[in-house]
Amino acid sequence: MMGRSMDPDTLLRLLEINKRLAGETDLPRLLEVIMDSVIELTGAQRGFLILVEDGKVRFQTARNFGRTQVEQPELQVSQTVVRTVIQSGRPLLTDNAAQDPRFEEAASVTALRLTSILSVPLRVQERLLGALYVDNAARRAVFGEKEKETLQVFADQAAITIRALWRQRQVEEMNRALEANLERKSQELERVSRALDQTPYRHDYSEIVGRGRHMKEVLLLLDKVIDTDVPVLVQGESGTGKELIARAIHYNGPRRSGAFVPVNCGAIPASLLESEFFGHMKGSFTGAVENKKGLFQQAEGGTIFLDEIGEMDLEMQKKLLRVLQEKEVRPVGGKAAVRVNARLICATNKNLRREMEAKRFRDDLYYRVSVIPVEVPPLRDRTEDIPDLIAHFARRAAKEMSMPEKRIAPEAVELLRRWSWPGNIRELENEIRKAMALSDAEITADDLSLEIQGDRAAREPVIGAAVPGSPAPDGTLKETVERAERAAIERALEESGGNQTKAARRLGISRVWLRKKMERHGLLPASGEAP
Ligand SMILES: Nc1ncnc2c1ncn2[C@@H]1O[C@H](COP(=O)(O)OP(=O)(O)OP(=O)(O)O)[C@@H](O)[C@H]1O
Ligand SMILES: [Mg+2]
């Protein structure tokens with residue numbers, strides 16, 4: 001069908017235009033080129049390119065003969081013509097639309113005073129992509145069969161190019177979406193694996209600060225015992241975090257919806273222990289005005305935490321042992337036994353084995369409560385956790401006291417690391433809270449307790465000697481300075497293990513100068529040689 005009546009000149013132009021289309025890789029630009037070519041081919045006054053996307057008719061571009069854009073193109077054409085072409089998939093040509101009986105009903109044809117109109121479908125095989133539309137309002141019968149055929153041939157080529165770029169755009173968009181998705185996923189994965197890295201544990205220990213080697217061992221052990229029901233004995237000095245660990249066991253375990261009932265065995269008077277533990281019936285003794293549930297019953301389905309179990313007297317130990325063996329309690333003054341179902345966690349700051357060996361703790365009870373012993377190391381043995389703990393308590397204190405967070409001077413951190421912490425973490429917590437309250441914008445060494453600072457004064461004898469208000473040193477100024485100098489040199493040598501180069505650097509003098517001074521103070525080794 002193509003080109004039967006087409007003259008060689010038109011064919012050449014079509015080929016030329018085709019080459020231009022084929023070179024376009026960008027869809028919006030391709031549409032512009034098509035539009036220009038349409039005007040050029042048909043000599044129309046105006047041209048419109050319409051595409052059907054997602055079932056909607058869209059005017060993509062529109063040109064006047066002078067290659068300027070047509071504003072609001074959808075209001076400038078006969079919608080009836082566009083719809084007819086798109087629905088039928090066939091070209092439409094009219095010499096004078098205003099008189100064409102096919103458009104009698106079309107308001108726009110009259111309103112816009114449309115005359116010559118040519119519109120052809122943009123299609124690839126059976127698929128319809130849209131339409132091309134050209135018109136000339138001033139003259140009648142501008143387009144004939146020849147223009148119709150030329151435009152259709154051109155439109156068929158254009159449609160193939162449009163569809164190719166359309167598909168390419170779809171693929172690109174899909175790729176972009178996939179890439180974005182992939183990026184999101186891999187970020188997510190990275191976040192999760194980073195989180196996993198930081199907590200290699202099965203349970204949540206976010207309340208327990210400190211991830212040094214010692215605490216890691218403790219937490220890995222907790223991971224293993226939490227889901228079991230075996231009794232745990234937490235041992236450690238006062239203030240090491242024994243109760244915190246007991247709570248972590250309860251709140252991470254299968255009994256977390258039950259109660260956690262802490263009992264300080266050392267604080268209950270012996271006479272009340274039994275009624276406290278097992279409950280009592282109304283009237284069973286003076287003051288028992290009503291029935292009372294014991295601690296074991298309160299912990300039903302949960303955990304009973306026997307703190308300071310080493311303080312329990314032997315008589316009570318016997319009764320506790322019976323409860324653990326028979327899994328039931330008999331309230332004071334009651335006849336019936338009540339079954340108990342509570343996990344047992346005990347804690348002590350004594351060495352329970354030694355207590356047992358000294359016959360102050362029953363051995364049968366010892367073996368019952370210490371199935372899994374958890375040793376919490378003292379803070380002085382895990383100084384690696386101190387910086388994290390300082391930051392944690394400082395942040396918490398700032399929040400409690402509604403004050404801004406404060407910087408902590410490195411020297412202060414160093415002093416805190418060196419302190420022996422007899423009161424362990426509780427002592428550190430109090431120290432930080434106090435320093436936060438008393439310090440200015442920054443916590444410095446001066447804000448720390450004197451005993452912690454005291455360490456610092458001892459390490460600085462020279463400065464210490466010169467502090468105003470300290471006892472006046474004996475002798476003349478020269479003697480005092482000499483003594484101080486000798487002390488400083490001795491100290492520097494000691495701290496650098498006898499290495500003179502390091503000692504000189506410490507003192508801020510040259511090595512030659514240091515050796516001169518050492519000679520004067522009689523500090524040179526017999527051989528006189530540097531190590
Ligand atoms: N690893 C830790 N991270 C954060 N806070 C901790 C840690 N260990 C202990 N603490 C805090 O220190 C304080 C003392 O802890 P806890 O009461 O658990 O110690 P304890 O061993 O039971 O002491 P005591 O022997 O005196 O009863 C608590 O305020 C607790 O929250
Ligand atoms: Mg405690």
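Here, residue 1 is the first one in the sequence, and each next residue gets the next number.
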Among Asp227, Leu219, Leu222, which residue satisfies the side-chain contact (heavy atoms from CB on, under 4.5 Å) criterion with Arg202?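 Output: one option passes, namely Asp227.
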Look up atom [atom1] in [X] and atom [atom2] in [Y], then write down how far apart they are to the nearest 0.5 Å.
{"X": "Arg29", "Y": "Glu24", "atom1": "CZ", "atom2": "CD", "answer": "4.5 Å"}
{"X": "Ile408", "Y": "Met436", "atom1": "CD1", "atom2": "CE", "answer": "7.5 Å"}
{"X": "Leu416", "Y": "Leu389", "atom1": "CG", "atom2": "CG", "answer": "11.0 Å"}
{"X": "Asp385", "Y": "Leu428", "atom1": "CG", "atom2": "CG", "answer": "10.5 Å"}
{"X": "Ile443", "Y": "Asp446", "atom1": "CD1", "atom2": "CG", "answer": "12.5 Å"}
{"X": "Glu315", "Y": "Lys319", "atom1": "CD", "atom2": "NZ", "answer": "5.0 Å"}

Donor-acceptor pair, distance only, cut-off 3.5 Å: does the side chain of Arg163 make one with the backbone of Ala159? no
Look at the side chain of Gln453 and the backbone N and O of Leu448, then say whether any donor-acceptor pair between them is shorter than 3.5 Å. yes
Going by atom types alone, do [X] and [Y] pair a side-chain donor with an acceptor below 3.5 Å?
{"X": "Trp419", "Y": "Glu431", "result": "no"}
{"X": "Tyr205", "Y": "Asn252", "result": "no"}
{"X": "His521", "Y": "Glu490", "result": "no"}

Any ion pair linking [Y] and [X] (charged N to carboxylate O, less than 4.0 Å)?
{"X": "Glu519", "Y": "Arg515", "value": "no"}
{"X": "Lys292", "Y": "Glu276", "value": "yes"}
{"X": "Glu311", "Y": "Lys350", "value": "yes"}
{"X": "Glu442", "Y": "Lys406", "value": "no"}
{"X": "Glu482", "Y": "Arg486", "value": "no"}
{"X": "Asp307", "Y": "Lys242", "value": "no"}
{"X": "Arg362", "Y": "Asp364", "value": "yes"}
{"X": "Glu188", "Y": "Arg184", "value": "no"}
{"X": "Glu300", "Y": "Lys293", "value": "no"}
{"X": "Arg382", "Y": "Glu217", "value": "no"}

Determine whether Pro231 and Arg368 make a side-chain contact, defined as any pair of heavy atoms from C-beta on separated by less than 4.5 Å.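 The answer is no; the side chains never approach within 4.5 Å.
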For the residue pair Tyr366 and Phe361, categorise the inter-ring angle as parallel (less than 30°), tilted (30 to 60°) or perpendicular (more than 60°).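 Answer is perpendicular, since the angle exceeds 60°.
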After noting the C-alpha distance and the side-chain angles of Asp204 and Tyr251, does the key distance pass the side-chain hydrogen bond (donor to acceptor under 3.5 Å, both in side chains) rule? CA-CA 9 Å; Asp204 177 13; Tyr251 286 105; over 6 Å; no
